[in-house]
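These notes concern the structure reproduced below.
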Amino acid sequence: MISARMRRRTAALAVLVLLSLALSGCWDRVELADLDLVSGVAFDAVPNGGFRITASIVLPQNLTGAGGAGGAGGGGGGPAEAVVSATGATIGEAIAALGQGLPGHIFWGHTRVILIGEGLARRGVQPVLDFFLRSPETRLATDLLVVRGEAGPLLQLSPPFRVPGTDVLYEHLRRQREPRAFIYEVAQSIRTASGATLIPEVHVGPPAPGGSPGGGGSGGATAPPTLVFCGTGVLQRGRLTGWLNETQMRGAMWLLGTTRRATVELNSPRGTVTVAVDKVHIHRRAVRLAGGVPAVRIRIAAEGMVGEVDRGKVPLQDPQYLIQLSNILAASIRGEADAALAAARSEDVDFLQFGRLVAADQPALWNPVHSTWRQIFPTLRVVITVLAHVRYVGNLVRLS
Amino acid sequence: METDLRRAVRELTERLHQLAALELNALWLLCDKLPLGAEPGRRDIFSVLLRRSSDLVEFDLPPAGGRIAHAYFLSSMTDTQVLNQGIVGGISPHHPAGAVAELHAPPTYGDAIRDVLSGCVLLLVEGIPGGLAVAARGYPKRGLQPPVLETVVRGPHEAFNEDLQTNISLLRRRLRDPRLVFEPLTLGRFSRTEVRLGYVEGLADPRIVSEARRRLAAMATTAAVDSNYIEESITDDPYTIFPQIDFTERPDVVVVGLTEGRFTILVDGANDALIAPVTFWSFMQAADDYYQNYYAGTFLRLLRYAFLTIALTMPALYIALTTFHQQMIPTSLLLSLMRNNVGVPFPALVEALIMEITLEILREAGLHLPQKLGTSLSVVGALVIGEAVVSSGLVSWPVVAVVAITAIANFAIPRWTMALAIRFLRFGEMLAAAMFGLPGILVVTTAIVVHLVDLRSFGVPYLFPVAPLDPARLQDTFARMPHWTPQRRPRLLAPAWRGRSGRRARKPEPTGAPGSNPRSTWRARA
Amino acid sequence: MRGTGPDMIGAVAVFVLFWVWERRNLAGWSTGERAAFWAAWAVTLAWSIAVEAHLRVPTLPGMTDHLFLPLAHALLRQHPDVYW
Amino acid sequence: MSPHAASGPEATDPSALTPLQIGVSTMAMIGVTAVAGLPTLLTAYAGQEGWISALIAVPAGLVPLVLLYDLDRRQPGLTLVQHARRALGPIGGLLLSLPLLMLLSSTTPLGAHQQADIVGMEALRRTPTVVVVGLFLLVPLYAARQGREVLARLTTLSVAVAIGALLLIGATSLRSVRGENLQPVFALGWVPLLQGAAPAAAWYAETAVLGLLLPFRATERRAAWAAAAAGLVIVGLQVSLVTAWDLSIFGPLADQMVFALFQVTRVSNLAEFLTHMDSILIIAWVAGEMARMGLWLYCLCLAFSQWLGLRDYRPLTLPVAAAVAIGACTWFQNASQFNAWVMRVWPFWGLALGIGSPLLVWLAVVLRGTGAGRRQARPAAGSARAACAGPGRT
C-alpha cells in the first residue's frame, strides 16, 4: 500500500531524472581512442612572421610494452611516433592547421619538451610561452630548449632507444647537466628587472661512427645522427641574444647556484686527474658597500672525489697533494665563473640575475637604480670566493 | 443401540462439523474472544476448530480424582518424551506435581487454540471451568553450526539457529546478569511469531529502548517470517539504501553490542539477531578485529576504509581520468592505457558498465546455484567471459582489472547490508563520472555524505563519532583500542555507565624483594 | 556570461517542477505569508524570463560601478607595475 | 534546546551548533572563496608583500563579531534580522536589515560565479555555464533544506578534506618554491599594503553573516564567539600562506595568474610521476564549495524568510537558489569584468555592507534601550547538547 505522498514523490523524482538527462550529455568527454598525445613540439620561424609547428604524436598501437596480449596485436612494427607539422600566421592558426591533419583531439597535457628554433628564438619566444601558460591543459614545468638552426628536423630523427623519442631529451635534462629552463621560470624572467635567463641548447650532431646504436627498425646503413648538447642560449626579455660555450655555461651555473654535480678535468704538475664534484653549496647575496654602492658576493663550496687518474704518477696517498689538488679545483671553478662573468659583461646581459639579487637584498639601493640597471651592471663589483675540497680518492689509491 | 440423546448430540455435532467445514474462518473469528468456561459443548468447539489439523492428537486421560480429563496437542509440535514423563504420568489440574515446563491457563478459546498450535498440551477437565496449557514444545530444530556470513579465524564458532529459546540461552550464557532483560512480544496476525526485545537495563538508554518498544508495538504485519520484515518496518528513514539496523549470526557480537548499550531483537524462526542503534562505522567493524592483536585489528580496519572508497569510486575514477582529465594520469601509464585501448569501440562508461553488469550476473548466479555447480561457475565466469570479452576487443584490459579490484574490494566490507548499499551507489558514481568527470564524482559523493549526515538510527546520528565530532570516542571507530584501555561509554548510547572494564596494563614486576631495585635482583637471580 | 547551451528556461522549468512539490509544505500558512512566498517566486521567474528575452536586466556591476568606481580610482591603485 | 523563541523559522529546526562547528562554518563560508580569489588581488596591489596585507585585514573581520556579541549580550538568541525587528518594529526592521540582505543576496551569486568560473575553465570547458552552476547548486540546496545540523556536520567533513588537499598540494610543489621571490619584505611602505588589505578586509567582513548562525549556539556565548574569531584568524593565515606560496613560486608572475592556486598545481609534481595534480585541488574545491554554498543558501533563505515574516525557511530555498543561479550566470559577461569588479568595487561594497549591517542594528538597539530593560532575565544559559536529540528525526 504505497502512500499517495510516496507515489507523488517518486513521480516527481522520475520527471526530474528525465529532465536532467535532457540537460546532460558529455560535453567534455574525449575518449582515449581519439586522443592525439603530443609528446614533443618544435616551433620555427617562418619568413613572413608566421610560425611552423612540428609535433611528434604518439602512435599507441606501435608502442611496445608489458601486457596487452589482447587486441593490440603485440605492438612493434612501425615507429612509435608520427611527426606532423603545419604553419600559420599565429600559433593558434598553426595549431588549428595541425589539427586538421590529425584524426582526433590534440592533447597538450603530456608535452614534456618544447624546442625553439634559432630564428624564432631571436624573434622572441613570448607567443609560445603565452600559449603554454594560458591553456589549462599544459604543464607549467615543461622544459624549453633552443636549437641551433631549425628545430623541426630535430624531432624527425627518433632514436630507437626509448619510446617515445623525446624521452632522450627529457631524461638528459633531468640529469641537470645544463641550467634547466621551465616555461614558467622563463616567463618570470621576462618580467624581472634583469630580464635575462639561460636556455639549454641542443643541435643535430654528426652521425655516430660505426654501427647504428641499438637494434630497432629505424635501420638503414648509415647511423642515425645523434643529439649534441653544448652550451646554452641567452634570452634577453624573451629574445635570443647570444650563446655561451661549455665553460661559460658551467661558470654561469656556478654563479647562478644551480649546479648539482660536475666533473672537472684538472692538470696538476704530476698528472691529469678528473674530479667528480657531488656536494655543492652556493650562497648568493647582495651587499651594501661604503658609499651606498651595491655589490654581489657569491660563496661557492664544492666537495668532490677523485674520479679518474688519466695520465702520470699522481701521489694520491700524499695528503699535501690532495690539498694542492683542491686548490687547483678551486682555481678551475673560479676560472669558469670569471669566464661567465666576462661573457655577461661583454654582452651586457644580466643572465646571472644579479639585478634580482640586489632588488631582493638591498631594496633601498635598488629603487634609484632599477631603471638604469643596464648601464650600472657592467661596473657592478662581484666578489667570488670558492672553497673546494677533494675529500675522497675512491676505492683505489694508486695503480701504477 | 444409541439412546436418543446421544444420537441428537451426534447429529448436532455432525451439522456443526459440516457448518464448520465451510466457515472455519468465520467460526474462528467468532470463538477467538469467547471466554473458556466449563460449558459441556467446549470439546466439540475445539474438535471443530482443530479438525483440519491432521497432526492433532486428542485423547482422554485416565480419571484422576473422579473426573475425566481430555487432552489436545499437536504431535508435530510437542516432545513425546516430555509428554510421557510429565503429563501422562499423573498430572491433575489442581496440583501439577510433575510438570516440567511452564503452565498457564488460557482465558479464551483463541488463546487455548494458539497454545495448542505453539506446542502446549491443553487439558480440559470435566466440570472445571477453564483449561490448563502445559508447555511441552519439542519441534525439531537445527543444531548449532558455525556462522555462514561472518566466519572468524580466531573466536567462538557458535552461531544462532532458528529456535528462539536456543538463541536466548546462547546470550544468557555469555551475560550472566539479572539486568539482561528479554521483553516478550508476538507479531504477525497469522504467524504469531515470538519476538524478544533484549537489552541490558542500566546500559541501554531508556529513551531508545522505549522508542524501540513503541515502534515494535506499532508494527502491523501478517506474517513476520524473518528479522528483515521487522528491520524494515522499524527503521528511522524507510527510503534510504543504507542499513540502519545491523544483523548478525554471532552471539558474541550481540553481547558486545548489548554491553555498549545497544538493544537486540530476536525473532523465532530467524537465524540472526538485529542490533540497533548502529552507526555507519559499526558496519565497517568485523568480529575478527576484536579477537586478534589490536595492531592487526587497527591495520585491517583502516584497510577496510580504503577498500570502501575503492569499491565506491574506482570505476568512476577510471572513467573520469581517462575521458576528462587525461593530464592527471602519469605519461607512461597513459601510454599503456592507450595502447590497450586501441580498437575498443565503446566509450569508457559503456565498457565499465558491461563488465560491472557481467560481474553482478556472475555473483547473483553464484549465490543461487547449488553448491556443487557454484565452483564451476566461478571458473567459467572469470576465465572464459573475461578472456573472451577482452580478446574480442569489446573491453580493454585495464577495465577488467579495475572492475575485478572493485568487486574484491566490495567483499572486504564485513557487513553484508553495507556491501549491498555500496554496490548500488557505485553505478550512480559511474554515471556522474561519465557526465561531468571528477567534479561529477565529487558532487555525487558529497550528496551521499549529506544523506549520511542526515540519517539517524533510533535517534543516534548515523556518522556519530565523526559528524557531530566527539574526539574522545573517535578512537574506537578507526582503530581497535586494546582491551585494557578504560572503555569509554558511547555517550549517546548510555550516559549512565562511566567506565566498563579494563585498566591500564603494566609490564609484570620482576620477582624479588618488593621495593628493592628490580635491576639488581634481576641480575642476582640470573 | 549569458547562459549558453540549454537556455535559462530549461533550468527554471526544473525549479517550477520543484514548486509543484513544495506547495505541500505551505499547509497552515497565513495568507500574508503565502503572498510573500509567491512574490519571491514571481520575482525569480520574471528575472529569468527577462534574462532569456535578452532584456536589459539590472546586474550587480551595473548597479554598483557608478557608485564606487570614483572611490576606487581615488584610493586604490589601478594597474600595478613591476616591483622586481 | 536553544534558548530562543519557539516561533519563527528556527522552531522547525531546533538543532544547535557546537563551537567547533561554528569555527568550521566560518572557515568554509569565508575561507574557500578567499583562498581562490584573494591571492591575485593581494599581489596586484601589494606586490611581493601581499601576504602581509592578508594578515593586516583580519581585524576588519572581527568588528562585525564584536557588534554581534554585544547584540547577543543584550537580547540573547536572536538572529540579526530579529534584532532589527525587535528594535524598530516590523516596518522599521525591514529597512534596518536591508543591508544584511543586500550583502547576502550579492555575495552568494558571486561565490557561485567564481565557482563556475574555476571549474568551468579548469575542468569542464565545454559544459554550458548554466549546467555547471546548477550542478554545484543541487547538493547545497539539498543540504540547506535538511537544516542547520546537517549543514554543520557536512562542513566539518568537507573543511577537513579541503585542508588536507591544500597541504598535499603544498607538499608536492615544495621543490619549486624559491624564497628570494618574497624578498624584499616591507620595502614598499604602507600604502600598497593598505590597498591590498582593502579587498581582504571586505572578504573578512562577511563574518556579519554569522549573525544568522551564532544565535543557534549549543554552548555559552563566549565559546561560540571565540570559535568564530578563531575560524576567521585561521582563514587569514590560510590566505596569507597561500599568497606567500604563489609569490614564492611565480614571483612577478603571481599577480598575472587568474587562479594562482590552480597554477601551483600545474607546477607541482610528485617524483616526476604524478605531475598534474589539479584534480586534487578540484576535490578540495568542490568539497569546500558545497559546504560554503550550502551555508550561504541557508543564511540567505533564513534571513529572507525572517525578513518576510514566514514561519519556515525551507520552501524559500528553491526560488532563492534559482535566483542565485541566474545571478551567477548573467551578472558578469567575462572573467576580466568579474576580476575588475572584485578588485575595484568589491572592497567598498563588501566592507560597507559587512560592517554596516550589524552596526546599524546595534545602534538602533542601543538607542532604543532594548524594550524590556537592559539586563533581561536570561532563559537557561546554553542547553544540553542538542545533537543527541531524542529519537526520531527533528
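In the text below, chain A, chain B and the rest are named by the order of the sequence lines, each starting its count at 1. These numbers come from a predicted model, not from an experiment.
Sequence neighbours left out, the pairs with a member in residues 424-433 of chain B that pass salt bridge (charged side-chain N to carboxylate O under 4.0 Å, His left out) are B/Glu356-B/Arg426, B/Glu360-B/Arg426.
Per-residue heavy-atom pair counts under 4.5 Å with chain A were compared for B/Ile319, B/Leu431, B/Thr322, B/Leu349, and the maximum is reached by B/Thr322. If you tally non-hydrogen atom pairs under 4.5 Å between each of A/Leu35, A/Leu37, A/Leu32 and chain B, the highest count goes to A/Leu32.
A cation-pi arrangement is not found for A/Arg139 relative to A/Phe132, the charged atom failing to lie both closer than 6.0 Å to the ring centre and inside a 45° cone about the ring normal.
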Less than 3.5 Å apart, which donor and acceptor atoms pair up between the side chains of residues 398-407 of chain B and the rest of the protein, not counting sequence neighbours?
from     : atom 1 : to       : atom 2 : distance (Å)
B/Thr406 : OG1    : B/Val402 : O      : 2.5

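Taking a 6.0 Å sphere around CZ of A/Phe107, one finds it holds more than 12 heavy atoms contributed by other residues, nucleotides or ligands.
Contacts of B/Leu334 with chain A are made by side-chain atoms alone, with heavy-atom separations under 4.5 Å and no backbone atom involved.
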